Amino acid sequence: TNKNLKDILYEMSLNYEYAINAGYGYSLTEKAKDIQTLLELHNYSEVYGYLKSFNIENQAYGIYGLHLMKKKKLKIPKEIKRIAKHIKKRNSDTLICAGCICGIVQKIF
């Protein structure tokens, strides 16, 4: 990575919750919509950037983006596949929101 200490500290201090759907209506979260928009715009490097974040929840969003790319049968570079495999294998505790219950910490892979 080419991130500096300031970038690392910033990303590590982000207080995100990972959620694709929210609420009783189970509608897409804004972050999930953002990732879908990135894919529609063919901005794959931005999706890959989520995987390269030091923030665990951002990494999970990157995995979500790759999942959507696979469904669309889009080509994913080997290096990105390697990073995704590592993230899934590591399976870090992730701060999630499950419907209307927020602040849950669990392994999601």
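Below, all heavy atoms of this structure are taken into account, side chains as well, without hydrogens, waters or symmetry copies. Remember, it's a predicted structure, so these values are computed and weren't measured experimentally.
Closest non-hydrogen pair, K3 versus S53, comes out as NZ-CA, 3.4 Å. The heavy-atom pair separating Y48 from L66 by the smallest distance is CE2-CD2, 4.0 Å. Heavy atoms only, all atoms of each residue included: T29 and A19 are closest at OG1-O, 2.7 Å. Taking all atoms of both residues into account, the shortest heavy-atom contact from Q36 to Y64 is NE2-OH, 2.9 Å. Shown here for C97 and E17, the closest heavy-atom pair between the two residues is CB-OE1, 3.7 Å. When all heavy atoms of A60 and I108 are compared, the closest pair comes out as CB-CD1, 3.6 Å.
L14 and I35 sit in two unconnected hydrophobic clusters of ILVMFWY residues. Membership requires side-chain heavy atoms under 4.5 Å apart, directly or through other members.
Geometrically, K31 engages Y16 in a cation-pi contact, judged by NZ or CZ lying under 6.0 Å from the ring centre and within 45° of the ring axis.
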Test side-chain contact (heavy atoms from CB on, under 4.5 Å) applied to L95 and I104, step by step: CA-CA 6 Å; L95 183 61; I104 300 169; over 6 Å; no
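Taking NZ of K107 as the reference point, atom CD1 of I56 lies at 10.0 Å (rounded to 0.5 Å).
With respect to Q59, the side chain to side chain donor-acceptor pair (under 3.5 Å) criterion is satisfied by exactly one of K52, H86, K88, R90: R90.
Looking at heavy atoms from C-beta onward, Q106 lies out of side-chain contact with T94 at the 4.5 angstrom threshold. With a 4.5 Å cut-off on side-chain heavy atoms, K81 and K85 do not count as touching.
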